[in-house]
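Working notes, structure below.
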Amino acid sequence: MNLIISDEIVKASGLSEDELLVELVLLLFQQSKVSLGKAAELLNMSQIRFQRLIANRGICVHYDVAELREDIEHLTVKGWL
């Protein structure tokens, strides 16, 4: 699916198309609609770069106990922990 945003909305926002895309993806991330990895992918940037972007905006990373356990399990399986 493609989303078409009218030129009027882009102009009213005062943002470029790329800036508006960043704002939209950040909003989706903040609302837990997309993961950090997916948000970075949508913006065509590395996860580290996206993490810097959200840190600069004061946006918290969504990371709960279940995700921590998954990461520990994954690292253990890989022999990295």
Side-chain angles (χ1 to χ4, degrees):
M1 177 177 122
N2 291 319
L3 175 65
I4 298 172
I5 300 174
S6 71
D7 290 337
E8 184 178 350
I9 292 173
V10 175
K11 186 176 179 181
S13 74
L15 302 170
S16 70
E17 290 180 27
D18 289 340
E19 291 168 332
L20 190 55
L21 177 60
V22 168
E23 296 305 319
L24 177 60
V25 172
L26 285 171
L27 180 63
L28 292 171
F29 175 77
Q30 283 182 289
Q31 295 179 356
S32 300
K33 302 295 184 189
V34 296
S35 67
L36 186 142
K38 188 61 170 179
E41 179 185 322
L42 290 169
L43 295 176
N44 197 29
M45 62 176 62
S46 70
Q47 288 186 21
I48 296 296
R49 186 170 166 217
F50 184 74
Q51 287 175 337
R52 286 187 192 120
L53 174 63
I54 62 175
N56 290 339
R57 298 285 189 98
I59 300 169
C60 295
V61 174
H62 311 146
Y63 193 76
D64 60 20
V65 174
E67 290 172 308
L68 174 62
R69 288 185 180 136
E70 286 178 24
D71 286 346
I72 290 171
E73 182 180 334
H74 176 75
L75 294 171
T76 302
V77 168
K78 291 283 191 178
W80 297 340
L81 187 65

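Numbers here are sequence positions counted from 1. Note that the structure is predicted; figures quoted are calculated from it, not measured.
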Just list the side-chain donor-acceptor pairs under 3.5 Å for residues 71-79, sequence neighbours left out, or say none.
{"unit_1": "Asp71", "atom_1": "OD2", "unit_2": "Tyr63", "atom_2": "OH", "d": "2.4"}
{"unit_1": "Thr76", "atom_1": "OG1", "unit_2": "Ile72", "atom_2": "O", "d": "2.7"}

**Residue pairs, two or more places apart or on separate chains, that pass ring-ring contact (aromatic ring centres under 6.0 Å, His included) and touch residues 16-58** =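 Every ring-ring contact (aromatic ring centres under 6.0 Å, His included) pair that includes a residue of residues 16-58, provided the two are not neighbours, is Phe29-Phe50, Phe29-His62.
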
**Prompt:** Within the distance-only criterion (no hydrogens, no angle test), does the side chain of Glu19 pair as donor or acceptor with the backbone N or O of Ser16 below 3.5 angstrom?
**Reply:**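 Yes: the side chain of Glu19 pairs with the backbone of Ser16.
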
**Message:** Please give me the minimum heavy-atom distance between Ser46 and Ala40, naming the atom from each residue.
**Reply:**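 That would be O-CB, 3.8 Å.
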
**Asked** Where is the tightest heavy-atom contact between Gly37 and Gln47, given as atom of each residue plus distance?
**Response** CA-NE2, 3.5 Å

**Request:** Apply side-chain contact (heavy atoms from CB on, under 4.5 Å) to the pair Val65 and Arg69, showing each step before the final yes or no.
**Result:** CA-CA 6 Å; Val65 174; Arg69 288 185 180 136; 3.6 Å; yes

**Request:** Carefully, step by step, assess Lys38 and Glu41 under the rule salt bridge (charged side-chain N to carboxylate O under 4.0 Å, His left out).
**Result:** CA-CA 5 Å; Lys38 188 61 170 179; Glu41 179 185 322; 3.2 Å; yes

Is [X] linked to [Y] within one hydrophobic cluster, defined over Ile, Leu, Val, Met, Phe, Trp and Tyr using a side-chain heavy-atom separation of less than 4.5 Å?
X	Y	value
Leu28	Val61	yes
Ile59	Val25	yes
Ile5	Leu42	yes

So, taking the atom named [atom1] in [X] and the one named [atom2] in [Y], what distance separates them when rounded to the nearest 0.5 Å?
X	Y	atom1	atom2	value
Leu43	Leu26	CG	CG	7.0 Å
Leu24	Ser13	CG	OG	11.5 Å
Met45	Arg52	CE	CZ	11.0 Å

**Message:** Take a 6.0 Å sphere around CD of Gln31 and say whether it holds more than 12 heavy atoms from other residues, nucleotides or ligands.
**Reply:** yes

**Message:** Consider side chain to side chain contact (heavy atoms under 4.5 Å, CB included). Of Ile9, Val10, Val22, Leu20, which one does Leu15 pass it with?
**Reply:** Leu20

